[in-house]
Amino acid sequence: MACILKHIKNTASNCTESFSGVGTKAYVAFIEDLETPGVWSDELAGFTPDSFTFKSGKGFYEIDIKKKSGKVTSESNPQGGGFNNVLTFVVNNNMDEMAYILRTINNVDTMWLISDGKDGYYAMYDPQFAPEVTSSGDTGDTPDSDRGFTITVTASPARYPLAKWIGTPQVVAEESAQG
């Protein structure tokens with residue numbers, strides 16, 4: 001990739017809503033289940049649309065997250081060290097199910113997607129470096145307390161800040177997910 005600069009201007013062609021935050025579903029998959037790894041696109045500052053195809057019967061699993069709990073942040077690593085992209089969200093319902101899969105997530109390399117609220121997904125992944133996933137749980141201390149698991153996914157280094165993917169996640173069928 002050549003080092004380039006370009007004009008960044010507000011024009012009528014990009015006059016759309018610009019909501020903050022992310023969607024209410026996170027998507028997780030085993031990296032080893034990928035048929036083709038993600039391919040970086042310099043023009044898209046993210047992954048090519050044909051990235052993330054899976055072996056037969058494999059794909060993403062959906063996780064419902066607490067509304068307005070998810071966000072993605074990004075920070076640069078100086079001197080050409082790429083970027084740290086961090087996804088954080090809360091699972092406050094389905095805590096038993098989340099506890100069950102956290103052991104797997106804690107021990108196997110995974111990749112993550114979350115909707116950008118428009119036409120794509122933030123991708124927490126790099127073909128060379130598996131993201132790190134940490135979690136913390138809280139039962140709350142009163143009946144009206146917040147409770148849940150806070151999940152943090154860190155993709156570092158990543159080639160682009162807030163790396164995206166425009167596509168449709170290949171989700172594992174419910175029957176396959178049970179067995």
Side-chain angles (χ1 to χ4, degrees), residues 1 19-55 58-78 80-92 94 97-137 148-172 177:
M1 175 179 121
F19 298 111
S20 296
V22 295
T24 58
K25 287 190 185 303
Y27 297 87
V28 60
F30 294 120
I31 291 175
E32 68 186 33
D33 289 345
L34 285 169
E35 185 76 41
T36 58
V39 176
W40 287 112
S41 166
D42 293 333
E43 290 178 9
L44 298 173
F47 293 96
T48 62
D50 58 348
S51 292
F52 312 134
T53 57
F54 288 87
K55 297 171 186 170
K58 307 294 183 177
F60 286 101
Y61 293 83
E62 295 178 333
I63 300 174
D64 288 335
I65 70 172
K66 180 179 178 181
K67 292 179 183 174
K68 300 181 182 179
S69 74
K71 71 177 182 177
V72 179
T73 60
S74 186
E75 176 177 285
S76 66
N77 292 321
F83 298 87
N84 295 324
N85 293 327
V86 181
L87 165 62
T88 307
F89 61 89
V90 174
V91 176
N92 67 331
N94 310 313
E97 293 89 343
M98 193 66 201
Y100 178 76
I101 70 165
L102 278 173
R103 183 169 188 270
T104 300
I105 290 169
N106 201 44
N107 289 294
V108 179
D109 289 338
T110 54
M111 62 169 299
W112 297 76
L113 299 176
I114 194 157
S115 172
D116 66 359
K118 290 185 179 182
D119 56 359
Y121 295 85
Y122 293 106
M124 307 308 294
Y125 171 76
D126 181 276
Q128 294 179 329
F129 307 101
E132 291 182 11
V133 182
T134 60
S135 64
S136 62
F149 287 103
T150 300
I151 312 299
T152 304
V153 182
T154 304
S156 176
R159 187 178 291 191
Y160 293 101
L162 304 176
K164 288 191 177 183
W165 175 64
I166 307 299
T168 302
Q170 181 179 330
V171 176
V172 173

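Just so we're clear, the structure is a prediction, and the values are computed from it rather than from any experiment. Atom set for the values below is all heavy atoms of this structure, side chains included, hydrogens, waters and symmetry mates excluded.
With sequence neighbours left out, the side-chain contact (heavy atoms from CB on, under 4.5 Å) criterion links Lys25 to Tyr27, Glu62, Asp64. Residues passing the side-chain contact (heavy atoms from CB on, under 4.5 Å) test with Glu35, sequence neighbours excluded: Thr53, Lys55. Under the rule for a ring pair (Phe, Tyr, Trp, His ring centres under 6.0 Å), the partners of Phe54 that lie at least two apart in sequence or sit in another chain are Phe60. With sequence neighbours left out, the side-chain contact (heavy atoms from CB on, under 4.5 Å) criterion links Lys67 to Thr24.
Between Ile31 and Pro131, the shortest heavy-atom contact is CD1-CD, 4.1 Å. Across every non-hydrogen atom of Gly38 and Pro127, the tightest pair is O-CG, 3.1 Å. Closest approach of Val90 and Ser69 over heavy atoms only: N-OG, 3.1 Å. Closest approach of Val91 to Asn94, counting heavy atoms only: CG1-O, 4.4 Å. Shortest non-hydrogen contact noted between Ser115 and Tyr122 is O-CD1, 4.2 Å. Here the closest non-hydrogen pair linking Asn106 and Val133 is OD1-O, 4.3 Å.
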Apply side chain to side chain contact (heavy atoms under 4.5 Å, CB included) to Val172 and Lys58, showing your working. CA-CA 6 Å; Val172 173; Lys58 307 294 183 177; 5.5 Å; no
Tell me, with the steps shown, if Ile114 and Tyr121 meet side chain to side chain contact (heavy atoms under 4.5 Å, CB included). CA-CA 5 Å; Ile114 194 157; Tyr121 295 85; 5.8 Å; no
Set out, in order, the CA-CA distance, both residues' side-chain angles and the distance that settles side chain to side chain contact (heavy atoms under 4.5 Å, CB included) for Val72 and Trp112, then state yes or no. CA-CA 12 Å; Val72 179; Trp112 297 76; over 6 Å; no
Worked check of side chain to side chain contact (heavy atoms under 4.5 Å, CB included) between Val153 and Val28: CA-CA 10 Å; Val153 182; Val28 60; over 6 Å; no
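Heavy atoms of other residues, nucleotides or ligands lying less than 6.0 angstrom from CD of Glu132 number 12 at most.
If you take CD1 on Ile105 and CZ on Phe30, they are separated by 8.0 Å, rounding to the nearest 0.5 Å. Rounded to the nearest 0.5 Å, atoms CG (Leu34) and CG (Asp109) are 11.0 Å apart. The distance from atom CD1 of Ile65 to atom CD1 of Ile151, rounded to the nearest 0.5 Å, is 10.5 Å. Between atom CD of residue Glu32 and atom OG1 of residue Thr110 there is a gap of 11.0 Å, rounded to the nearest 0.5 Å. How far CD of Glu75 is from OG1 of Thr73: 7.5 Å, rounded to the nearest 0.5 Å.
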Listed pairs under 3.5 Å, donor-acceptor, residues 82-89 side chains, sequence neighbours left out:
from  : atom 1 : to     : atom 2 : distance (Å)
Asn84 : OD1    : Asn77  : ND2    : 3.3
Asn84 : OD1    : Ser156 : OG     : 2.2
Asn84 : ND2    : Asn77  : OD1    : 3.1
Asn85 : OD1    : Ser74  : OG     : 2.7
Asn85 : OD1    : Leu162 : N      : 3.0
Asn85 : ND2    : Tyr160 : O      : 2.9

Distance-only donor-acceptor pairs under 3.5 Å for side chains of residues 43-52, two or more places apart:
from  : atom 1 : to    : atom 2 : distance (Å)
Thr48 : OG1    : Asp50 : OD1    : 2.7
Thr48 : OG1    : Ser51 : OG     : 2.9
Ser51 : OG     : Val39 : N      : 2.9
Ser51 : OG     : Thr48 : O      : 3.1

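For the pair Asp126 and Arg159, the salt-bridge criterion is not met [side-chain N within less than 4.0 Å of a carboxylate O].
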